[in-house]
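None of the values given here were measured: they were computed from a predicted structure. Ligands are counted one by one from 1 in listed order, and the atoms in each one are counted from 1 as well.
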Amino acid sequence: MILVTGGAGFIGSNFVLDWLAQSNEPVVNLDKLTYAGNRRNLASLDGDARHVFVQGDIGDSALVARLLAEYRPRAVINFAAESHVDRSIHGADDFIQTNVVGTFHLLEAVRAHWGHLPAAERASFRFLHVSTDEVYGSLAPDAPAFTEDHVYEPNSPYSASKAASDHLVRAWHHTHGLPVLTTNCSNNYGPYHFPEKLIPLMIVNALAGKPLPVYGDGQQVRDWLYVGDHCSAIRRVLEAGRVGETYNVGGWNEQPNLAIVHTICRLLDELRPSAEGSYARLVTHVKDRPGHDRRYAIDARKIERELGWRPAETFETGIRKTVQWYLDHADWVAEVQSGSYRDWVQTQYGAAA
Ligand code: NAD
Ligand code: TYD
């Protein structure tokens with residue numbers, strides 16, 4: 001059995017679905033169900049005894065202790081977090097509470113449990129912490145991509161809170177011997193991605209004939225990885241990663257935001273042409289994000305060299321699948337949009353929404 005936290009969010013739900021598609025090892029899924037957590041993502045597992053869903057907070061030590069004692073997972077995979085940079089700029093409280101304080105309480109509960117395991121179970125136990133490349137800060141256009149040794153220079157409240165959690169995980173290994181693994185991944189995209197993030201927001205806005213809000217000049221660069229590839233990397237690190245190590249995970253696919261938006265428009269023009277002409281007509285430059293990191297890039301050679309992992313999807317195949325998924329799941333989008341997503345769009349984009 002494994003314990004997954006945040007398994008009703010974007011990456012966590014993809015991970016749980018992929019895991020149970022490939023193995024019969026059961027999953028306990030602890031998720032608080034914030035605005036970003038959606039049970040509907042896991043609807044295909046309804047009635048499946050291999051999936052135990054528990055609504056709760058990673059910061060609830062008593063609950064986590066109870067789950068660890070009852071299910072005795074061989075590993076904890078920590079996806080639970082507040083994850084959206086723009087929200088962290090509007091208010092960082094939840095980011096500090098979950099990403100920093102919550103991770104601390106989770107580590108303490110896991111440490112107490114792990115410390116009392118029989119020797120063999122203690123030796124094979126793993127705590128895998130899922131983190132981001134944003135902890136490394138922003139790169140100059142010609143600087144080499146982030147390696148695992150890059151200095152931590154987080155610039156947003158989100159990335160600072162994730163950096164803090166990475167440091168806690170590191171310290172719990174160094175000081176207490178907890179067998180941890182950390183992954184620092186670049187921007188993901190794919191099914192079940194909440195439409196507040198760049199790629200799903202552009203798809204759903206375009207289909208609704210709404211403006212496509214590009215921050216500033218749109219020349220900020222991100223590395224994009226298909227979510228299924230992130231899930232396979234996590235499985236591989238869990239299986240064979242060296243305890244105490246961090247692994248950078250990326251798609252070898254750096255692109256400026258504006259190029260991403262135009263690719264989405266081109267795919268939609270092909271797959272769902274609009275009578276009003278190319279979706280590119282909707283591209284609208286809006287005020288830049290404060291403190292906006294200019295470039296992220298991942299050097300993913302360590303995970304390839306040590307663990308033989310490389311992404312299976314190219315950006316071309318992954319983005320086509322993703323656009324098609326959103327076209328095929330208008331019901332999922334409608335349900336998500338009828339919730340707090342709408343309030344958020346109003347706060348962030350005002351009349352432009
Ligand atoms: P998400 O916002 O879609 O999902 C987060 C999930 O965590 C939600 O289901 C939410 O309900 C749950 N959650 C939040 N606070 C919780 C708490 N206190 N207790 C229990 N559950 C809680 O995020 P995501 O995009 O799926 O990201 C998952 C993880 O991967 C995060 O740690 C994030 O920092 C990291 N990450 C994300 C990306 C990306 O591109 N999305 C890239 C690299 C790393
Ligand atoms: P986002 O998906 O929020 O991920 P992150 O900030 O964690 O990288 O944003 C990806 C990039 O797209 C980032 O440079 C900000 C930009 N962006 C826009 O230009 N417009 C938008 O409406 C959003 C949400 C993001």
Side-chain angles (χ1 to χ4, degrees), residues 4-16 29-39 41-42 54-60 63-64 77-89 94-95 97-99 101-103 105-106 129-135 138 155-156 158-159 161-162 165-166 183-190 192-202 205 211-225 227 230 234 248-250 255-258 260-261 283-289 292-296 298 344-345 348-349 352-353:
V4 165
T5 72
F10 163 47
I11 305 172
S13 59
N14 275 282
F15 181 85
V16 170
N29 185 348
L30 172 65
D31 195 296
K32 189 177 175 181
L33 293 181
T34 67
Y35 79 94
N38 188 345
R39 287 285 325 250
N41 300 359
L42 302 159
V54 179
Q55 183 172 0
D57 196 316
I58 56 166
D60 182 343
L63 172 63
V64 174
I77 302 158
N78 184 32
F79 292 94
E82 289 293 333
S83 67
H84 189 35
V85 173
D86 294 317
R87 285 182 190 260
S88 80
I89 295 168
D94 291 343
F95 290 75
Q97 273 316 315
T98 286
N99 301 2
V101 181
T103 302
H105 286 302
L106 180 64
H129 180 61
V130 180
S131 193
T132 166
D133 60 359
E134 305 194 23
V135 297
S138 186
N155 290 319
S156 73
Y158 163 66
S159 55
S161 69
K162 290 297 292 187
S165 68
D166 293 8
T183 54
N184 292 90
C185 187
S186 57
N187 287 56
N188 286 211
Y189 66 98
Y192 305 112
H193 203 181
F194 196 83
E196 64 183 353
K197 307 276 171 70
L198 180 74
I199 287 181
L201 181 77
M202 296 299 152
N205 271 19
L212 307 181
V214 172
Y215 296 163
D217 64 5
Q219 294 308 314
Q220 304 83 5
V221 171
R222 299 289 182 268
D223 171 68
W224 293 94
L225 179 70
V227 64
H230 188 189
I234 292 169
N248 283 355
V249 183
Q255 294 203 44
N257 294 336
L258 203 53
I260 298 284
V261 174
V283 171
T284 308
H285 288 265
V286 300
K287 197 159 77 65
D288 208 351
R289 169 188 283 173
H292 200 168
D293 283 338
R294 201 65 188 165
R295 176 176 168 239
Y296 304 138
I298 278 277
W344 163 246
V345 167
Q348 175 70 0
Y349 303 110

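- Proximity of Arg289 to ligand 2, defined as any heavy-atom pair under 4.0 Å, is confined to the side chain (atoms from C-beta onward).
- The proximity of Asp293 to ligand 2, defined as any non-hydrogen pair under 4.0 Å, does not occur for either the backbone or the side chain.
- Atoms of ligand 2 lying under 4.0 Å from any heavy atom of His84, numbered from 1 in the order shown and given with element: 3 (O).
- Counting heavy atoms closer than 4.0 Å to ligand 1, residue Asn78 contributes nothing at all.
- For the pair Glu82 and ligand 1, the shortest N or O to N or O distance does not fall below 3.5 Å.
- For Phe79 and Phe10, the ring centers sit 6.0 Å or farther from each other.
- Taking 4.0 Å as the cut-off between side-chain N and carboxylate O, Lys162 and Asp133 do not count as a salt-bridged pair.
- When side chains are defined from C-beta on, Tyr215 does not count as touching Lys287, because their heavy atoms never get closer than 4.5 Å.
- Distances below 4.0 Å separate heavy atoms of Tyr158 from the following atoms of ligand 1: 33 (C), 34 (O).
- Listed by chain and number, the residues in a side chain to side chain donor-acceptor pair (under 3.5 Å) with Ser83 are Lys197 (sequence neighbours excluded).
- Within ligand 1, the atoms closer than 4.0 Å to a non-hydrogen atom of Ser131 are 43 (C), 44 (C), numbered from 1 in the order shown.
- When heavy-atom distances to ligand 2 are checked against a 4.0 Å cut-off, Val286 has no atom that comes that close, whether in backbone or side chain.
- The ligand atoms of ligand 1 that sit less than 4.0 angstrom from a heavy atom of Val130 are 30 (O), 32 (O).
- Taking only non-hydrogen atoms, the option from Gly59, Ala81, Gly6 nearest to atom 5 (C) of ligand 1 is Ala81.
- In Asn257, the part holding a heavy atom less than 4.0 Å from any atom of ligand 2 is the side chain.
- Taking 4.0 Å as the cut-off, Phe79 counts as a neighbour of ligand 1 on heavy-atom distance.
- Among residues two or more places apart in sequence or in another chain, the side chain to side chain donor-acceptor pair (under 3.5 Å) test is passed with Asp293 by Asn155, Tyr296.
- For Tyr35, no nitrogen or oxygen atom sits less than 3.5 Å from a nitrogen or oxygen atom of ligand 1, counting backbone and side chain alike.
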